[in-house]
**Q** 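I'd like to ask you about the structure that follows.
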Amino acid sequence: MSDGFLPISKADMEKNGIKQLDFVLVTGDAYVDHPSFAHAIISRYLVAHGYSVGIIAQPAWKTSGDFKRLGRPRLGFLISAGNMDSMVNLYSVTKHRRAKDLYSPGGKAGKRPARSTIVYTKRIREAYGDIPVIIGGIEASLRRFAHYDYWDNEVKPSILMESGADLLVYGMGERPIIEIAEALDGGLAARDITYVEGTSYPAPTLERVYEYKELPSFKQVCADKKVYAQAFMMEMRERETALVQEYGNGFIVQNIPSKPLNQKELDFVYSLPYMRAAHPMYEKPIPALDEVKFSITATRGCIGACAFCALYYHQGKNVAWRSMESVVAEAKQFTQDTEFKGYIHDVGGPTANFYGVKCTNPRGRCTVRRCLTPEKCRYLKENQAEYVRLLRKVRTVDGVKKVFIRSGIRYDYALLDKSGEFVRELAAHHVSGQLKLAPEHVSPDVLKLMGKPEIEKYQRFCQKFTAASQRARKKQYVLPYFMSSHPGCTMTDAVRLAEFIRDTGFMPEQAQDFYPTPGTLATCMYYTGINPETGKKIYVPRSAEEKSMQRALIQYKNPKNREIVKKALRKAERDDLIGNGKKKLVRD
């Protein structure tokens, strides 16, 4: 075994006096021992609690042979498709195979199968039969109930049913995995571990489930899109009672979510002895590590509630943040690395400036309304001064030259800081030339469906950022990201976005198509044509031609897009935008 890394072979086990591992963790990503990689966190957390863990990264999956590499574990197998959903990793939104995999050595594609969680579980069953198998990670988490699958264009059953695993850990997995490990270590059969918060499990009957709410059955959600939408809202909002879904030959039971780690526990997770590098067995670098090697995860969870964001539904609405001492200690650790050049790439999380945010609702954070849109909830306590203090401490660490913020910034939340201190600090110290923001659209109807703030708030933020940059004597600008073809976006809305881009004088280099990934509110809209929050029908752009039109409108200046932009404008009955002149989008 390479010193410090976890076992990847029998030779590693022998070197460390391990006759049989407690757990074997199988992942679709290359083995990178860094806290930005979920397999590293879970394995290190188990080791810190006294369990031995070996890693099988990107196994050859066409036979079961590679899954026997470390022998039969004493307690069971843990499976994760990786930091990304395997289908998103493999396919673009147009369903074309991607040429690269950033989580593989040298970015080489083809190191993981489609629907990795299912494939890995089946190979383990072939190799070891009825051994405990626990699945987790974002792929499993977002598929714990019946869900719409964009790639096959159908509703699929829970991934627990398809894979044949014993347990599914959803959301952040540290608390559940230790409870599961203790139960297995105590001799409890996997099928009897039915009480752990943050898990789902298959059950032949509901005799042992005492308090629950029943979702519409798999058969019902497949047959009726209205029922599917109703089921999705129950899944999204229910946090206090177990949920069950019937499958004809049994049920899927979801326990209530696991409690988020408190600050002391979160600090502990990031203090574990990660090697902060890819395993030396790889001859080529892992591209995904380059961006995050010298980045710091300061928060978990997100109150943003963007309809299209899978991370929000995976990590949850409760924002937890590390102590300043913990974050500063990690920054100091960077300075001891010979590869560190003084630049910290990020101090953030799902949304960087949510560090320190609090909900003062005595009943706890609700699941019905959004915290920020259409207006700030009265129970939300803005606390960006705490994030400013953190950034100041990190950038004063000896050996640190610059601290960037590359996580998302919620600009409507930033505007709540009446002192303007955060924007001034951001412009003066944490941006280099351009600040990436994601207004996503300009149409009020589309933004409302997205859960994003009105475009006027984006414009106000840009004005404040520009003024702060000028005071700091820096030439900096905002780089906006826009999304095409989101549910609810008509061709009229798409043209309105193009006109906004024309009037601001900035042409985006990229245009992002809406990607219907499992488990999000927007994907439910895409499949059903219904806004599940209101039950009302909405327009959904589905055809490849219309999607290409909406995407082309965002980049209407590109000569390659001229003909399709003209076609889109005519479809929207906006021929007035075709011709010569400053207000025209494209020449006739």
**Q** side-chain contact (heavy atoms from CB on, under 4.5 Å), that's the test. Do R300 and V319 meet it? Break it down for me.
**A** CA-CA 6 Å; R300 283 186 181 177; V319 179; over 6 Å; no
**Q** With D33 as reference, evaluate H39, R44, H279 under the side-chain contact (heavy atoms from CB on, under 4.5 Å) test and give the passing residue.
**A**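 Checked H39, R44, H279 against D33; only one passes side-chain contact (heavy atoms from CB on, under 4.5 Å): R44.
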**Q** Between H441 and S443, does any side-chain donor sit less than 3.5 Å from a side-chain acceptor?
**A**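 Short answer, no.
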**Q** Answer yes or no: is there a side-chain heavy-atom contact under 4.5 Å between P35 and V269?
**A**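 Of all side-chain heavy-atom pairs linking V269 with P35, none is under 4.5 Å.
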**Q** How about Y527 and Y228: are their ring centroids closer than 6.0 Å?
**A**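 Ring centres of Y228 and Y527 closer than 6.0 Å.
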**Q** So which heavy atom on K10 is nearest to which on G71, and how close?
**A** CE-N, 3.7 Å
**Q** Should E182 and Y51 count as side-chain neighbours, where that means a heavy-atom distance under 4.5 Å?
**A**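 Answer yes - side chains close enough.
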**Q** Of all heavy-atom pairs between M161 and G250, which one has the smallest distance, and what is that distance?
**A** CE-C, 4.2 Å
**Q** Salt bridge check: are E197 and K259 linked by an N-O gap of less than 4.0 Å?
**A**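 Result for this pair is yes, salt bridge flagged.
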**Q** Do L215 and V244 come within less than 4.5 Å of each other through their side chains, counting heavy atoms only?
**A**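 Of all side-chain heavy-atom pairs linking V244 with L215, none is under 4.5 Å.
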**Q** Does a side-chain N-to-carboxylate-O contact under 4.0 Å join K264 and D267?
**A** no
**Q** Taking atom NZ as the centre, does K95 end up with more than 12 heavy-atom neighbours from other residues, nucleotides or ligands that are less than 6.0 angstrom away?
**A** yes
**Q** Does M84 offer a backbone N or O that forms a donor-acceptor pair with the side chain of N89 under 3.5 Å?
**A**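 No: the side chain of N89 does not pair with the backbone of M84.
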**Q** Check this for me: does any side-chain nitrogen of one of D513 and R551 sit under 4.0 Å from a carboxylate oxygen of the other?
**A**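 Yes, D513 and R551 are salt-bridged.
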**Q** Would K156 pass as a cation-pi partner of Y148, given that its NZ or CZ must be under 6.0 Å from the six-membered ring centre and within 45 degrees of the axis?
**A**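 Not satisfied by the 6.0 Å and 45° rule.
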**Q** Which atom pair, heavy atoms only, marks the closest approach of V221 to A231?
**A**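 Where V221 meets A231 most closely, the heavy atoms are CG1-CB, 3.9 Å.
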**Q** Check for me whether R72 meets the cation-pi criterion with Y128, that is, NZ or CZ under 6.0 Å from the six-membered ring centre and within 45 degrees of the ring axis.
**A**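 Geometry flag: not set, cation outside 6.0 Å or 45°.
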**Q** Take D66 and R69 through the test salt bridge (Lys or Arg N to Asp or Glu O under 4.0 Å) and record every step on the way to the result.
**A** CA-CA 5 Å; D66 210 16; R69 189 191 308 167; 2.8 Å; yes
**Q** Looking only at atom types and distance, does a side-chain atom of S163 sit under 3.5 Å from a main-chain N or O of I159, one as donor and one as acceptor?
**A** yes
**Q** Would you tell me whether R98 and Y91 have side-chain atoms, one donor and one acceptor, within less than 3.5 Å of each other?
**A**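 No pair is found: no donor N or O on one side chain lies under 3.5 Å from an acceptor on the other.
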**Q** Can a side-chain donor-acceptor contact be found between Y247 and Q245 if the only test is distance below 3.5 angstrom?
**A** yes
**Q** With the side chain counted from C-beta on, respond yes when Y526 and Y150 share a heavy-atom pair under 4.5 Å apart, and no when they do not.
**A**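 In contact.
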**Q** Please examine the side chains of R370 and E533, heavy atoms only from C-beta on, and report whether any two atoms are closer than 4.5 Å.
**A**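 Touching, per the 4.5 Å side-chain cut-off.
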**Q** Does any N or O in the side chain of T373 come within less than 3.5 Å of the main-chain N or O of E375, such that one atom is a donor and the other an acceptor?
**A**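 Flag not set: sc T373 to bb E375 has no pair under 3.5 Å.
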**Q** Might you work through the side-chain contact (heavy atoms from CB on, under 4.5 Å) test for N83 and I138, ending with a clear yes or no?
**A** CA-CA 7 Å; N83 272 15; I138 197 162; over 6 Å; no
**Q** Quick one: does P73's side chain get under 4.5 Å of I131's, heavy atoms only?
**A** yes
**Q** Mind checking whether T517 and D85 have side chains closer than 4.5 Å, heavy atoms only?
**A**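 No, side chains not in contact.
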**Q** When you measure from the side chain of R144 to the backbone of Q254, do you find a donor-acceptor pair of N or O atoms at a distance under 3.5 Å?
**A** no
**Q** A cation-pi test, strictly: NZ or CZ of K111 under 6.0 Å from the centre of the six-membered ring of Y103 and no more than 45 degrees from its axis. Yes or no?
**A**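 Geometry flag: not set, cation outside 6.0 Å or 45°.
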**Q** Quick check: are there more than 12 heavy atoms from other residues, nucleotides or ligands sitting under 6.0 Å from CD of E211?
**A**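 Atom CD in E211 is not packed in, count stays at 12 or less.
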**Q** Ring centroids only, cut at 6.0 angstrom: are Y413 and F354 within range, meaning strictly under it?
**A**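 Yes.
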**Q** Please test S86 against E139 for side-chain hydrogen bond (donor to acceptor under 3.5 Å, both in side chains), starting from the C-alpha separation and ending with a verdict.
**A** CA-CA 7 Å; S86 67; E139 178 165 285; 2.5 Å; yes
**Q** Does T528 offer a backbone N or O that forms a donor-acceptor pair with the side chain of K226 under 3.5 Å?
**A** no
**Q** Check this for me: does any side-chain nitrogen of one of K219 and D224 sit under 4.0 Å from a carboxylate oxygen of the other?
**A** no
**Q** Spell out, as yes or no, whether a donor-acceptor pair under 3.5 Å connects the side chain of E238 to the backbone of E235.
**A**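 No, E238 side chain to E235 backbone: no donor-acceptor pair under 3.5 Å.
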**Q** May I ask you to say whether D152 pairs ionically with R115, meaning some side-chain N is under 4.0 Å from a carboxylate O?
**A** yes
**Q** Only counting residues at least two apart or in another chain, list the ones meeting side-chain hydrogen bond (donor to acceptor under 3.5 Å, both in side chains) with Q315.
**A** none
**Q** Whether the side chain of E207 engages the backbone of V209 through a donor-acceptor N/O pair (distance < 3.5 Å, no angle test) should be reported.
**A** no
**Q** Flag the pair D29 and R112 as a salt bridge only when some basic side-chain nitrogen lies within less than 4.0 angstrom of an acidic carboxylate oxygen.
**A** yes
**Q** Can you tell me how far SG of C302 sits from CZ of R410, rounded to the nearest 0.5 angstrom?
**A** 7.5 Å
**Q** Determine whether the aromatic ring centres of residues Y31 and F5 are separated by less than 6.0 angstrom.
**A** yes
**Q** Has D12 got a side-chain atom pairing as donor or acceptor with P7's backbone, closer than 3.5 angstrom?
**A**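 No, the answer is negative, given that no donor and acceptor are paired below the 3.5 Å cut-off.
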**Q** How many angstroms lie between atom CG of L243 and atom CG of N255, to the nearest 0.5 angstrom?
**A**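 Between L243 CG and N255 CG, I get 10.0 Å after rounding to 0.5 Å.
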**Q** Determine, step by step, whether R239 and I256 satisfy the side-chain contact (heavy atoms from CB on, under 4.5 Å) criterion, reporting the C-alpha distance in whole Å, the side-chain angles of both residues, the deciding distance to 0.1 Å, and the verdict.
**A** CA-CA 6 Å; R239 293 290 181 268; I256 64 172; over 6 Å; no
**Q** Could you state the interatomic distance from OG (S52) to CD1 (I18), rounded to the nearest 0.5 Å?
**A** 5.0 Å
**Q** Where is the tightest heavy-atom contact between I538 and G488, given as atom of each residue plus distance?
**A** CD1-N, 4.2 Å
**Q** Could you tell me the separation between the CG atom of L188 and the OH atom of Y195, rounded to the nearest 0.5 Å?
**A**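 If we round to the nearest 0.5 Å, L188:CG and Y195:OH are 5.5 Å apart.
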**Q** Is it the case that over 12 heavy atoms from other parts of the model lie below 6.0 angstrom from the CD atom of E240?
**A** no
**Q** Provide the closest heavy-atom pair for S80 versus Y120 in the form atom of the first, atom of the second, distance.
**A** O-CE1, 4.3 Å
**Q** What distance separates T27 OG1 from I56 CD1, expressed to the nearest 0.5 Å?
**A**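 Reported to 0.5 Å precision, the distance equals 11.0 Å.
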**Q** Using modelled atom types only, decide if a donor and an acceptor are shared between the side chain of T490 and the backbone of D493 within a distance under 3.5 Å.
**A** yes
**Q** Considering only heavy atoms from C-beta outward, does the side chain of V253 approach that of L206 to under 4.5 Å?
**A**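 Yes, their side chains come closer than 4.5 Å.
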**Q** Which residue, L78, V53, V47, forms the side-chain contact (heavy atoms from CB on, under 4.5 Å) with I42?
**A** L78
**Q** Do E162 side-chain atoms and I118 backbone N/O form a donor-acceptor pair below 3.5 Å?
**A**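 Pair absent, no side-chain N/O of E162 close to backbone of I118.
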**Q** Going from CG on D166 to CG on D130, what distance comes out if it is rounded to the nearest 0.5 angstrom?
**A** 6.5 Å
**Q** For Q220 and S217, work out which heavy atoms get closest and say how close.
**A**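 So the two residues come closest at OE1-N, 2.8 Å.
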**Q** Run F67 and F77 through ring-ring contact (aromatic ring centres under 6.0 Å, His included) and show every step you take.
**A** CA-CA 10 Å; F67 295 84; F77 277 91; 7.7 Å; no
**Q** Here's one to test your reading of the geometry: is the NZ or CZ of R191 within 45 degrees of the ring axis of Y201 and under 6.0 Å from its centre?
**A**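 Checked: cation-pi criterion not met.
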